Amino acid sequence: MRDMLSKQAVGLKPSGIRKFFDIVSEMEDAISLGVGEPDFDTPWHIRDEGIYSLEKGRTFYTSNSGLAELRQEISNYIKRKQGVVYDPQHEVLITVGGSEAIDIGLRAVINPGDEVLIPQPSFVSYEPCAIMAGAVPVIIELKEENEFRLTAKELEDAITEKTKMLILPFPNNPTGAIMERKDLEEIAEVIRKHDILVMSDEIYAELTYKDKHISIVEMEGMRERTILINGFSKAFAMTGWRLGYACGPREILEQMTKLHQFAIMCAPTTSQYAAVEALRNGDEDVREMCMAYNQRRRYLMNAFREMKLSCFEPFGAFYVFPCIKEFGMTSEEFAERFLEEEKVAVVPGTAFGDCGEGYLRISYAYSLDNLKLAIGKLADFVARLRAEA
Amino acid sequence: MNKFSDEQFIQPRICAGASQILLIAEQNLIFCSRPQRKRFGMEEKMREELLKIIERNSRIDLKELAVILGVEEIDVVNELQALEDEGIICGYHTMIDWEKTSIEKVSALIEVRVTPQRGQGFDNIAERVYKYPEVTSVYLISGGYDLLVTLEGKSLKEISGFVSDKLSTLDSVLSTATHFILKKYKDHGTILTKKYEDTREKVSP
Ligand SMILES: Cc1ncc(COP(=O)(O)O)c(C=O)c1O
C-alpha cells in the first residue's frame with residue numbers, strides 16, 4: 001500500500017502551537033502564559049447539574065441536533081443578547097464545541113474550488129478545516145494600525161468571483177480585537193453587495209471590555225447568510241465539556257445537521273444538561289469572570305506601558321498581542337529564547353498565521369499573582385535584550 | 001508577596017456552598033441598605049468592584065488597585081476614605097487558619113431563641129450578647145430561632161461556661177443550642193482545605 005494517506009491531510013501544516021507545547025511539557029518549572037482556556041473552574045451549579053443528570057441516568061444519546069430544552073435556551077439567549085430570533089427546531093444545532101461547528105459549517109457550504117476568506121491572525125482551525133472541505137483559503141492579513149479589525153477595503157480587495165464565504169473571527173483569538181457596530185455595518189455592505197456567506201465565530205462574545213458584544217447577524221440582511229457559532233467553553237469556563245452550537249438559516253443548518261448526525265450522532269448528553277443550567281442561571285458567573293479578566297487586562301496593558309513594550313489595547317477575549325519587532329527577532333526566536341532563559345511560555349504570533357510575525361500572544365487566563373510573576377520576568381528579559389542591542 | 005489570589009476572590013459567587021449563604025446575605029445587606037444616590041467619585045459599579053477586590057484582599061497595593069480598576073490612584077484613596085467614613089468598610093481583617101498553629105482555639109455556633117422586648121425588638125438583647133469580646137458575630141435570623149451567635153474560646157469548657165453562665169441567664173433568652181465547629185472547610189469564601197492547582201495543558205490554541 002503505497003498511498004496510505006490522504007494528500008490533503010498530509011499537506012496540512014502542523015499547528016505552530018504543538019511545537020511549543022512539546023518544549024514546555026518537558027520543562028518542569030516553566031510558567032505558562034500560553035493557555036487558550038479559562039483558568040476558572042466551571043461554576044459549581046453547572047457542574048452539579050451535570051452530576052445530577054448522571055445520577056438520574058441521563059446517559060443516552062439525545063436527538064441529533066441536541067436536547068430540545070437546550071436549543072430553546074440557546075434561542076432565548078441569542079434573542080436576549082443580540083435581539084435576533086432563531087427557531088430552536090430548525091435553526092439551532094448543538095455541536096461538540098465551536099470546533100465541530102466550524103468544521104461542519106464549512107463542509108456544508110463549500111464546493112471544490114470555492115474561496116473562503118480567512119482574516120488572520122486568527123484561530124488555528126479555520127484554514128485546515130477549509131482545506132479539508134475542499135475550499136481554497138484566501139488569507140486577509142489584519143493590521144495593527146486598524147487594531148486588527150477587518151476593514152471594508154481589505155474585504156473588498158480579497159473578494160473574487162469564486163469567493164463563497166467570509167470567516168469572521170471576532171472577538172479574536174489571538175489578538176483580542178473586536179468589531180464594533182460601525183465596523184460591522186461597513187463590512188456588511190460589502191458582503192451584501194457580493195452576495196457571500198459569513199461564518200461568524202463568536203465564541204468570546206461574552207468577554208468584551210468596552211461595549212457589549214455586537215454580532216454581524218444584527219446587521220441588515222446578514223442573518224439569512226450567516227452561520228453564527230458560539231459555545232460554552234469560554235463564557236462559562238467549560239472547555240472540557242466539549243459543547244458549542246451553530247445557528248443559521250434552515251437550509252444550511254439542515255445540511256450541517258446531516259453531517260453532524262453521521263460523524264458525531266449527538267453532542268455529549270451530560271454536557272447538554274449542564275449547559276441548560278449555564279444559560280438559565282449563569283449570568284452572574286459570567287459577569288464575575290469577565291470582571292476578573294478585565295482587571296488582568298488592565299494590569300497587563302499597564303505593565304507593557306511601563307516596560308515600553310508596544311501593544312494595541314485589545315477589548316475582547318483573554319489575550320493581549322504585544323509587538324516585539326523592536327528586538328529584531330522573529331516571534332519564534334523571541335518565544336524560544338524567553339522560554340529558555342526565563343522559563344516562561346508565550347505563543348509566537350505566527351502560530352495564528354504568517355502575519356502574526358513580530359507579535360506574541362499572551363493569555364491572561366491566569367491569576368493576577370501568576371501574571372505578576374511572569375510579567376516581571378518579561379520585563380527583565382526585555383531589559384536584557386535592550387541592553388544587548 | 002501577597003498570598004490571596006484572585007481565584008479566591010471570584011469563588012464566593014461561583015462556588016457558594018450552603019455554608020456561604022450567611023456571608024453572602026451579609027454582603028448583600030451592606031449593598032442594599034445604603035440609599036442609592038447620585039455621588040461624585042466612583043460610579044456605583046466600580047465601587048462594587050473595588051469592594052469585591054478588597055474584600056478578598058485588603059492588603060492589595062493601592063497603585064495596583066488603581067491599575068486593575070483603570071482609575072487614578074488618588075481616586076482609589078479618596079474612595080476608600082469615603083467608604084470608611086460611610087461605615088461601609090468597617091475594618092480590615094486577616095484570615096487565619098488557627099488549626100495550623102499550636103494555639104488552641106475552639107469555635108461554636110449558638111442558636112438562641114429570645115423574646116423580643118417591647119419597643120426594642122431584638123436590638124437590646126443583641127447588644128447585650130455582642131458586648132462580650134469572645135462573641136465574634138451576632139446575626140438576627142429568620143426561621144426556627146432568632147439570634148445566631150458565633151463564639152471563639154480556648155476550650156470547650158470555656159464556651160460551655162459562657163453559654164450556661166452568661167447567655168442562658170439573660171432574661172429574654174428562652175433557649176440555646178450550641179454547635180461546636182469541628183473543622184473549617186471554607187471560610188469567608190476561601191477554601192482552607194485545598195490549594196488551587198492549575199491542571200490545564202500548558203499551551204493550547
Ligand atoms: C476563536 C475560537 N473559536 C473556537 C474555539 C473552539 O472552542 P470549543 O471547540 O472549545 O468550543 C476556540 C478555542 O480556543 C477559539 O479560540
Side-chain angles (χ1 to χ4, degrees), chain A residues 15-25 27 30-47 123-125 173-174 209 237 239-240 284-285 287-289 291-292 294-299 301-303 345-347 351-352 363 365-373, chain B residues 1-21 24 27-28 31 43 45-57 59-61 63-73 76 185-186 189 191 194-205:
Chain A
S15 161
I17 287 198
R18 191 71 230 171
K19 183 174 151 196
F20 254 79
F21 178 78
D22 292 340
I23 311 177
V24 180
S25 311
M27 272 189 184
I31 311 175
S32 178
L33 297 179
V35 165
E37 60 179 324
D39 54 318
F40 301 108
D41 291 334
T42 305
W44 177 251
H45 64 104
I46 299 174
R47 285 189 269 163
F123 186 49
V124 295
S125 83
N173 171 12
Y209 314 106
T239 45
E284 185 61 21
D285 306 314
R287 201 173 76 90
E288 294 273 347
M289 289 192 269
M291 201 189 259
N294 197 10
Q295 290 166 8
R296 302 161 181 188
R297 186 187 66 94
R298 292 192 190 111
Y299 170 78
M301 288 312 296
N302 184 67
V346 296
V347 182
F352 307 93
S363 159
Y366 295 93
S367 73
L368 267 178
D369 285 345
N370 222 312
L371 288 178
K372 262 184 246 174
L373 194 65
Chain B
M1 210 184 86
N2 94 58
K3 293 225 179 54
F4 302 88
S5 76
D6 56 343
E7 264 77 50
Q8 292 169 341
F9 129 72
I10 195 117
Q11 261 162 1
R13 289 296 169 151
I14 300 183
C15 307
S19 65
Q20 282 311 108
I21 289 169
I24 286 173
Q27 289 165 13
N28 285 346
F31 290 128
E43 287 170 35
K45 225 179 100 198
M46 181 148 303
R47 208 174 216 231
E48 183 182 343
E49 191 171 349
L50 169 68
L51 285 171
K52 281 182 172 170
I53 295 169
I54 57 166
E55 189 180 33
R56 305 307 320 154
N57 179 6
R59 291 185 69 212
I60 188 170
D61 178 66
K63 178 168 173 292
E64 184 183 328
L65 193 51
V67 165
I68 66 174
L69 286 170
V71 298
E72 296 299 320
E73 193 173 333
V76 171
Y185 291 94
K186 184 174 181 180
I191 295 167
K194 258 191 218 135
K195 278 223 154 60
Y196 172 81
E197 193 191 344
D198 193 345
T199 53
R200 294 173 293 172
E201 298 282 291
K202 285 224 166 116
V203 181
S204 57

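What you see below is based on every heavy atom in this structure, not just the backbone, and it leaves out hydrogens, waters and symmetry mates. On a predicted model such as this, the values are computed, not experimentally measured, just so you know. We name chains A, B, ... by the order of the sequence lines, and we start the count at 1 in each one.
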Quiz item: Is there a donor-acceptor contact under 3.5 Å from the side chain of A:Arg296 to the main chain of A:Leu371?
Solution: no
Quiz item: Does A:Arg298 use its side chain to pair, donor to acceptor, with the backbone of B:Val67 at less than 3.5 Å?
Solution: no
Quiz item: Is any side-chain N of the basic residue among B:Lys52 and B:Glu49 closer than 4.0 Å to the acidic one's carboxylate O?
Solution: no
Quiz item: If you count heavy-atom pairs under 4.5 Å between each of B:Arg200, B:Lys202, B:Glu201 and chain A, which one has the most?
Solution: B:Arg200
Quiz item: A:Val347 versus chain B, heavy atoms under 4.5 Å apart: side chain, backbone, both or neither?
Solution: side chain
Practice problem: To the nearest 0.5 angstrom, please state how far the CG atom of B:Asp61 sits from the NZ atom of A:Lys372. | Solution: 8.0 Å
Exercise. Would you mind checking which part of A:Ala303 comes under 4.5 Å of any heavy atom in chain B, side chain (CB onward), backbone (N, CA, C, O), both or neither?
Key: neither
Quiz item: Which atoms of A:Phe123 come close to chain B, meaning under 4.5 Å heavy atom to heavy atom: side chain ones, backbone ones, both, or neither?
Solution: side chain
